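Take a look at the structure below.
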Amino acid sequence: MAKPKIEPRLPKGMRDFLPAQMLKREYVFNIVREVFHLYGFEPLQTPALELTETLMGKYGEDADKLIFNARHIDGKEDLSLRYDLTVPLARVVGQYQNDITLPFKRYQLSPVWRAERPQRGRYREFYQCDADIVGAPSMLADAEIVSLIVTALKRLGFPQFVVKINNRKLLTAIGEYVGLDGEPLANLYRSIDKFDKIGAEGVHEELLRRGIDPAVAARIMELITSKLPGTGQLDYLADAIGNLPAASAGIGELREIAQHLQAANVPADAYEFDFTMVRGLGYYTGPIFETVITEPNLGSVTGGGRYDELVGLFRGDSLPTTGTSLGIERIIDLMDILNLYPPQFGGTVVQVMVGVFSDETRPQATALAAELRAGEICTELYLQDRAIGKQMSYADKKGIPVVALLGSEEIAQGIVKLKRLRDGVEVTTRRDEIVSAVRALLGG
RNA sequence: GUGGAUGUAGCUCAAUGGCGGAGCAGCUGAUUGUGGAUCAGCAGGUUGAGGGUUCGAGCCCCUUCAUCCACCCCA
């Protein structure tokens, strides 16, 4: 064979998804979409490319290094690949004020691109899955987001997880309480954010290293590490710093969320208030959420919160917005690790393959495939002229559950032979009952 | 952006500076109307690329590219 002229390879950090893998991804995507619809979220799609100026508004200094730019030989516009789904949402909300009824509940399940150095579980092209509610200041919206997360993860089959809930206003209040703002406050957030990675001890040490007064550091640790069940957490913080307006507001919001979650029948063990959870430095202004898989301890699979200012980038007045991102790539990885796909989840969409014995029987085999398809059975007609043993072998390797055979004997008698490869069970059925016979064999 | 490791068949990996191999996958047959298991056989290579040292380099040296891991970052 001649050496190929072009080396087949992928751009750095990008992936192909072969059929067996694609089926798993779509299984997850479909469940997630179902749950979004269940909660009344509508799909939104935006272009992969945005005007560069659209993207540059929100992100910080080094952002342009992480954004892929798109060039065209005659390009008059400055274009970039989208970096997340939140900015396109804000643009859409600003752009279609006549067409969008508030509150606007949308989800988007689409790839985004970041020119990061690839690492395990981090790619340059990956899917994000965001659900947001624009224009609803009520904590009911935040509670809906939490409830949505719980339902989605339960339907995917995750046995043990907890949505951690905090409030940006509380973190600000704690900073205020200990006399920090500006950059020192940002550093405080950065340190606390490492809680999962370096633990309480590590955070405490880092606070001291950052030059925070030992007494103050100890007090901060005391406040954020309290572990009381349910709203006991909120009572504790209210006693300690409830006199600060920001704290009082933040605690009040979390109490509202707790009430709504209870009314919505969200199980109490599915969420908790955790003051060590920070969610980066971002644009969050109110309640923030993050979900961790707890058993086994596999890290976080969702992140989100309320960001009341962002939409204002594209619109005179801002709109209060809350939402979450499902870490869909991470979820897909965990589905495999935790073995959460249904037992008979196959590597093929094909339910039955029709084998072909000879040129003489091929028209009947073709007709049989058509009948199966008319009966809504996903059917593959064997397309080559090879020994029946090879055909069986092909079906076996592809994981096709059932093979239908009709040779001259079967044709003469008006019957079809069906074989289930999983256990070798063979049945003979009348040709006019083929669809129900295949269904029965697939079901058993 | 910083540091480390690794590049050999489609895949996973062997090979003291001295004839480039195995397992898996593929193909053919044992078995022309029945898959998996077994057995026999076949095919598959610019050892990432370029340079250097050497009688001789997959192996040593230099350069470069790629991949992986850790850090930085993570809106």
Side-chain angles (χ1 to χ4, degrees), chain A residues 1-4 7-15 18 54-67 82-90 112-124 126 128 130 168 186 189-190 193-194 196-198 278-285 288 290 299-300 303-305 307 309-310 313 323 325 327 329-330 353-361 365 382 384-412 415-428:
Chain A
M1 193 171 28
K3 184 184 165 82
E7 172 94 1
R9 58 199 190 99
L10 283 170
K12 186 199 292 284
M14 306 207 175
R15 298 166 291 172
L18 297 183
T54 301
L55 299 182
M56 296 313 280
K58 168 190 163 201
Y59 313 125
E61 287 301 307
D62 33 55
D64 44 337
K65 267 189 284 187
L66 296 179
I67 292 176
R82 67 171 162 240
Y83 187 83
D84 68 11
L85 302 179
T86 309
V87 166
L89 168 66
V112 303
W113 293 267
R114 298 182 182 183
E116 289 181 296
R117 187 175 203 138
Q119 254 183 68
R120 182 174 40 184
R122 298 179 75 177
Y123 306 97
R124 289 185 149 192
F126 62 97
Q128 277 199 336
D130 286 15
R168 255 310 153 67
Y189 291 171
R190 260 187 269 264
D193 199 22
K194 293 183 190 164
D196 278 343
K197 209 182 276 183
I198 62 180
V278 177
R279 293 297 313 151
L281 293 172
Y283 42 71
Y284 296 112
T285 54
I288 49 181
E290 179 169 304
S300 106
Y307 47 105
E309 307 305 326
L310 185 68
L313 287 175
S325 183
E329 302 284 0
R330 180 74 184 140
M353 186 188 88
V354 178
V356 179
F357 283 98
S358 65
D359 287 342
E360 287 69 43
T361 65
Y382 196 79
Q384 287 171 283
D385 185 14
R386 301 178 76 189
I388 216 71
K390 301 289 182 197
Q391 299 187 33
M392 299 296 293
S393 177
Y394 168 85
D396 183 49
K397 261 165 212 148
K398 263 189 82 166
I400 295 170
V402 172
V403 173
L405 294 174
L406 80 171
S408 46
E409 297 163 29
E410 287 83 3
I411 292 170
I415 59 173
V416 179
K417 226 180 232 180
L418 294 174
K419 180 165 183 173
R420 180 164 64 195
L421 300 199
R422 169 162 53 87
D423 51 10
V425 165
E426 241 177 278
V427 300
T428 300

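Chain naming here is simple, since letters A, B, ... match the order of the sequence lines and numbering starts at 1 in each. Remember, predicted model here, so these are calculated numbers, not experimental data.
Using a 4.5 Å cut-off on side-chain heavy atoms (C-beta onward), A:Lys419 and A:Met392 make contact. Side-chain contact between A:Val354 and A:Tyr382 is absent, with no heavy atoms from C-beta onward closer than 4.5 Å. Inter-residue side-chain proximity for A:Val416 and A:Thr428 is flagged as unmet; no heavy-atom pair is nearer than 4.5 Å. A 4.5 Å side-chain heavy-atom check between A:Val402 and A:Arg422 finds every atom pair outside the cut-off.
Between A:Leu10 atom CG and B:U67 atom C1' the separation is 12 Å, expressed in whole Å. One interatomic measurement links the two molecules: CG of A:Asp423 to P of B:G35, which rounds to 16 Å at whole-angstrom precision. Rounding to whole angstrom units, OH of residue A:Tyr382 and C1' of B:U34 are separated by 13 Å. Between the CZ atom of A:Arg279 and the C1' atom of B:C73 there is a distance of 14 Å, given to the nearest Å. Note: CG (A:Leu406) to C1' (B:U34) measures 14 Å, nearest angstrom. Regarding A:Leu66, its CG atom lies at a distance of 11 Å from the P atom of B:G1, rounded to whole Å. Atom-to-atom, CE of A:Met14 to P of B:A66 comes out at 14 Å; the value is rounded to the nearest Å. The CD atom of A:Gln391 sits 12 Å away from the C1' atom of B:U32 (whole-angstrom rounding).
A gap of 26 Å separates the P atoms of B:U2 and B:U8, to the nearest Å. On the P atoms, B:U67 is 16 Å away from B:G48, given to the nearest whole Å. Rounded to the nearest Å, the gap between the C1' atom of B:C69 and that of B:C62 is 25 Å. Only the C1' atoms considered, B:G21 is 16 Å distant from B:A43, to the nearest whole Å. A distance of about 15 Å separates the P atoms of B:A57 and B:A49, rounded to the whole Å. For the C1' atoms, the distance linking B:G7 with B:A15 amounts to 16 Å, nearest Å. Atom name P, nucleotides B:C65 and B:G50: the rounded distance is 15 Å, in whole Å. A distance of about 12 Å separates the P atoms of B:U47 and B:G10, rounded to the whole Å.
Taking 4.0 Å as the cut-off between side-chain N and carboxylate O, A:Asp193 and A:Arg190 do not count as a salt-bridged pair. Salt-bridge annotation for A:Arg15 and A:Glu329: present, with a side-chain N of the basic residue lying under 4.0 Å from a carboxylate O of the acidic one.
For A:Lys390, the listed nucleotide lying nearest its side chain is B:U28; candidates were B:C74, B:C27, B:U28. With B:C73, B:G35, B:G29 as the choices, the nucleotide that has an atom nearest any side-chain atom of A:Met392 turns out to be B:G35. Closest to the A:Glu409 side chain, of the nucleotides B:G33, B:C27, B:U28, is B:G33. If you check B:G36, B:C72, B:U34 against the side chain of A:Arg122, the one that comes closest is B:C72.
For the residue pair A:Ala365 and A:Gly355, the shortest heavy atom distance occurs at CB-O, 3.9 Å.
Note that A:Arg168 lies in the cation-pi zone of A:Tyr189, set by a 6.0 Å cut-off to the ring centre and a 45° limit from the axis.
Residue A:Gly355 is classed as having no contact, given no heavy-atom separation below 4.0 Å to the nucleic acid. Residue A:Glu410 is classed as a base contact, given a heavy-atom separation below 4.0 Å to a base. Among the atoms of the strands shown, none is found under 4.0 Å from any heavy atom of A:Thr361.
Atoms OH and CE, from A:Tyr394 and A:Met353 in turn, are 7.5 Å apart once rounded to the nearest 0.5 Å.
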Between protein and nucleic acid, restricted to nucleotides 68-71 of chain B and to nitrogen or oxygen atoms under 3.5 Å apart, what atom pairs and distances do you find?
residue, atom, partner, partner atom, Å
B:C69, OP2, A:Arg120, N, 3.0
B:A70, OP1, A:Arg120, NH2, 2.6
B:C71, N4, A:Gln119, NE2, 3.4

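Of the possible donor and acceptor atoms, one in the side chain of A:Gln391 sits under 3.5 Å from a partner among the backbone N and O of A:Val356. Distance alone, capped at 3.5 Å, is enough to place a donor-acceptor pair between the A:Arg124 side chain and the A:Glu116 backbone.
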Which string of ( ) [ ] | and . matches RNA chain B, if you list each base 5' to 3' and count Watson-Crick or G-U pairs only when both distances are under 3.5 Å?
-> (((((((..((((....[..)))).(((((.......))))).....(((((..]....))))))))))))....

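Considering only side-chain N and O atoms, A:Arg386 lies under 4.0 angstrom from the phosphate OP1 or OP2 of B:U28.
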